Amino acid sequence: MTAAGLKSTPGGALRGTVRAPGDKSISHRSMILGALASGTTTVEGLLEGADVLATAQAMRSFGARVEQEGVGRWRIEGHGGFAEPSDVVDCGNAGTSVRLIMGAAAGFALCATFTGDSSLRGRPMGRVLDPLARMGATWLGRDKGRLPLTLKGGNLRGLSYKLPMASAQVKSAVLLAGLHAEGGVEVIEPEATRDHTERMLRAFGAEVIVEDRAHGDHVVRHIRLPAGQKLVGTHVSVPGDPSSAAFPLVAGLIVPGSEVTVEGVMLNDLRTGLFTTLQEMGADLTIANVRESSGEQVGDITARYSPSMKGVVVPPERAPAMIDEYPILAIAAAFATGETIMRGVGEMRVKESDRIALTAAGLEACGVDVEEEPEGFIVRGTGQAPRGGAMVETHGDHRIAMSHLILGLAAQAPVSIDEPGMIATSFPGFAEMMRGLGGDLVEA
């Protein structure tokens with residue numbers, strides 16, 4: 001894509017079978033754990049988007065040998081730990097990457113300076129730095145821990161840490177720091193978040209103890225990583241990313257006459273909240289050919305045009321299982337009849353952008369009735385295609401960009417977005433895939 005904008009135009013039905021890009025969460029973790037491990041790690045199906053490539057380069061900075069051997073095939077030679085980088089570590093736009101890497105780096109006697117692009121430099125890192133500081137790491141940076149910042153690690157103490165918010169990134173940073181903390185670590189999470197780090201630590205040879213304990217009518221999850229864990233290189237097969245699969249699937253639900261299948265999508269229970277919600281709305285969404293791949297369930301998901309979807313109240317406790325999918329859910333809600341109420345999603349305000357504000361602004365510009373709240377928003381659909389016809393400002397957020405392009409495929413008039421280049425951070429080839437299904441996407 002060029003620096004020009006991108007426009008999607010309503011047209012004919014979308015049809016075909018595609019494969020989602022590799023899951024971004026697992027792609028990041030395969031690189032980081034491979035670099036922390038001793039020996040060789042091989043990865044197939046890696047997401048080769050800008051965010052993951054930034055992680056690969058960062059791992060080189062910390063002393064690992066990281067090489068691409070083919071499309072989606074990579075090899076990481078780890079040395080059992082991180083060496084001190086000789087230069088600033090630039091994580092681009094990858095918030096997951098920098099937070100997890102800071103956790104991993106804190107376990108070693110080194111000093112590392114982290115930065116990123118303008119979006120990442122504006123995102124607070126305090127929620128990760130707080131537990132790392134309690135373990136003994138020190139840091140120097142801007143207000144609220146914004147990048148650039150310098151982290152000094154080593155001689156970490158063990159910690160039992162209760163997450164103040166549902167965040168798989170914070171949990172993962174503490175667990176990775178705990179690999180080299182005296183006495184190990186425990187993370188207590190009131191709401192279960194993505195468990196990819198726990199699963200992948202086990203795949204690399206670590207012992208991770210997970211226990212759900214009842215506290216009255218509420219279940220609290222305790223994740224414990226005993227001291228002295230050693231990681232050994234392994235093979236990782238990356239499943240399709242459900243967050244990316246969401247875009248062609250929602251397009252299939254809202255474009256008249258469509259039938260779209262996405263193969264090999266991860267079906268981890270902590271990542272499928274969007275699919276559950278769409279089915280509750282009455283979407284014709286079916287899952288077939290369920291199987292296991294590298295410790296994760298995957299399946300093939302088919303979406304068929306669903307003109308009778310109804311608005312629903314999305315349970316706030318479901319947010320951790322679909323926090324990245326609310327923008328595209330809001331697009332589906334714009335085509336449904338009635339209110340779709342999405343609350344308990346304040347985390348969206350500290351993603352690549354303020355996603356609550358930008359989703360609401362984009363929908364309003366396209367003629368959709370949206371009410372923004374501090375910790376959520378309400379979309380009121382009429383059961384008819386929204387007006388469309390807007391140029392949506394994305395503020396460099398890839399999910400805002402893709403969501404509104406999907407809207408444009410079924411709106412009454414085309415929808416344009418201003419910064420399509422950022423889509424490559426998570427979904428390289430997005431426009432080409434949608435064109436292959438029959439979508440009309442052109443430079444604006």
Side-chain angles (χ1 to χ4, degrees), residues 20-37 41-62 64 66-68 72-76 78 82 89-107 112 114 116-117 119-120 123 125 127-128 147 167-177 179 193-204 206 231 233-244 266 268 270-271 293-296 320 323-324 351-352 398-399 422 424-428:
D23 183 74
K24 189 162 74 161
S25 296
I26 290 183
S27 294
H28 280 308
R29 286 161 175 79
S30 67
M31 286 286 176
I32 295 168
L33 293 179
L36 287 169
T41 294
T42 54
V43 185
E44 64 175 340
L46 187 89
L47 171 66
E48 292 172 343
D51 281 6
V52 176
L53 296 180
T55 300
Q57 185 56 41
M59 293 304 94
R60 295 185 184 105
S61 298
F62 283 101
V66 181
E67 297 178 337
Q68 183 182 23
R73 294 190 296 110
W74 290 69
R75 182 184 187 93
I76 305 108
F82 280 3
V89 179
D90 188 343
C91 292
N93 188 248
T96 298
S97 178
V98 72
R99 292 186 176 108
L100 268 59
I101 294 171
M102 286 195 293
F114 297 89
D117 66 8
S119 172
L120 192 58
R123 296 163 67 182
M125 298 292 154
R127 60 179 58 187
V128 167
L147 305 183
S167 172
Q169 293 179 1
V170 177
K171 171 179 67 174
S172 298
V174 174
L175 290 174
L176 293 177
L179 287 168
T193 64
R194 299 180 181 190
D195 61 354
H196 304 312
T197 299
E198 298 96 298
R199 290 172 180 259
M200 292 193 71
L201 281 168
R202 292 192 186 103
F204 279 83
L231 305 184
T234 188
H235 177 71
V236 179
S237 179
V238 181
D241 192 327
S243 299
S244 297
M266 181 201 298
N268 184 305
L270 298 171
R271 294 288 302 281
S293 175
S294 291
E296 297 279 3
I323 193 64
D324 288 332
K351 290 288 186 176
E352 282 85 335
H398 50 116
R399 298 198 191 281
M422 291 303 295
T425 62
S426 69
F427 202 149

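Only a predicted model underlies this, so the values are computations on that prediction, with no experimental measurement involved. If you read the sequence from its start, that first residue is 1, and numbering goes on from there.
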Please assess L120 against C91 for the test side-chain contact (heavy atoms from CB on, under 4.5 Å), listing each intermediate value before the final yes or no. CA-CA 8 Å; L120 192 58; C91 292; 4.0 Å; yes

Worked verdict on N268 versus R199 for side-chain contact (heavy atoms from CB on, under 4.5 Å): CA-CA 11 Å; N268 184 305; R199 290 172 180 259; 3.3 Å; yes

Would H196 and S25 count as a side chain to side chain donor-acceptor pair (under 3.5 Å) here? Give the steps. CA-CA 7 Å; H196 304 312; S25 296; 4.7 Å; no

Full working for side-chain contact (heavy atoms from CB on, under 4.5 Å) between V238 and M266: CA-CA 9 Å; V238 181; M266 181 201 298; over 6 Å; no

Please step through side-chain contact (heavy atoms from CB on, under 4.5 Å) for the pair L176 and V174, ending with a clear verdict. CA-CA 6 Å; L176 293 177; V174 174; over 6 Å; no

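For K171 and D195, the salt-bridge test fails: no basic side-chain N is under 4.0 Å from an acidic carboxylate O.
Proximity of M102 to F114: side-chain heavy atoms (C-beta onward) are separated by under 4.5 Å at one or more points. Taking the side chain as every heavy atom from C-beta outward, K351 and R399 never approach each other to under 4.5 Å. A 4.5 Å side-chain heavy-atom check between L147 and R123 finds every atom pair outside the cut-off.
Here the straight-line distance linking atom OG of S119 with atom CE of M422 works out to 6.5 Å at 0.5 Å rounding. The CD1 atom of I32 lies 10.5 Å from the CZ atom of F204; values are rounded to the nearest 0.5 Å. One distance of note links NE2 of H398 with OG1 of T425; it measures 4.0 Å at 0.5 Å rounding. Taken to the nearest 0.5 Å, the CZ atom of R29 stands 8.5 Å off from the CG atom of D23. Taking OG1 of T42 as the start and CZ of R75 as the end, the distance is 7.5 Å to the nearest 0.5 Å. Once rounded to the nearest 0.5 Å, the distance linking CD1 of I101 with CE of M59 reads 3.5 Å.
Residues S243 and D324 share a closest heavy-atom pair of OG-CB, 4.2 Å. Nearest approach of S30 to L46, heavy atoms of both residues: OG-CD1, 3.7 Å. Nearest approach of L100 to Q169, heavy atoms of both residues: CD1-O, 3.8 Å. Between G233 and A37, the shortest heavy-atom distance links the atoms N-CB, 3.7 Å. Between P21 and S244, the shortest heavy-atom contact is CD-CB, 3.8 Å. Considering all non-hydrogen atoms of both residues, T41 and G34 come closest at OG1-CA, 3.6 Å.
Checked against L36 for a side chain to side chain contact (heavy atoms under 4.5 Å, CB included), the options I76, L201, L231 give a single hit: L231. Of the residues D51, L33, L47, the one that meets the side chain to side chain contact (heavy atoms under 4.5 Å, CB included) test with H28 is D51.
Judged as a side chain to side chain donor-acceptor pair (under 3.5 Å), and not counting sequence neighbours, S167 has no contacts. Residues satisfying the ring-ring contact (aromatic ring centres under 6.0 Å, His included) test with F62, not counting sequence neighbours, are F82.
A donor-acceptor pair under 3.5 Å is absent between the side-chain atoms of E44 and the main chain of R73, judged by distance alone. R60 places a side-chain N or O within 3.5 Å of a backbone atom of V66 that can act as its donor or acceptor partner. For D241 (side chain) and K24 (main-chain N/O), a donor-acceptor pair under 3.5 Å exists by modelled atom type. The closest donor-acceptor contact from the side chain of T197 to the backbone of S172 lies at 3.5 Å or more, if one exists at all.
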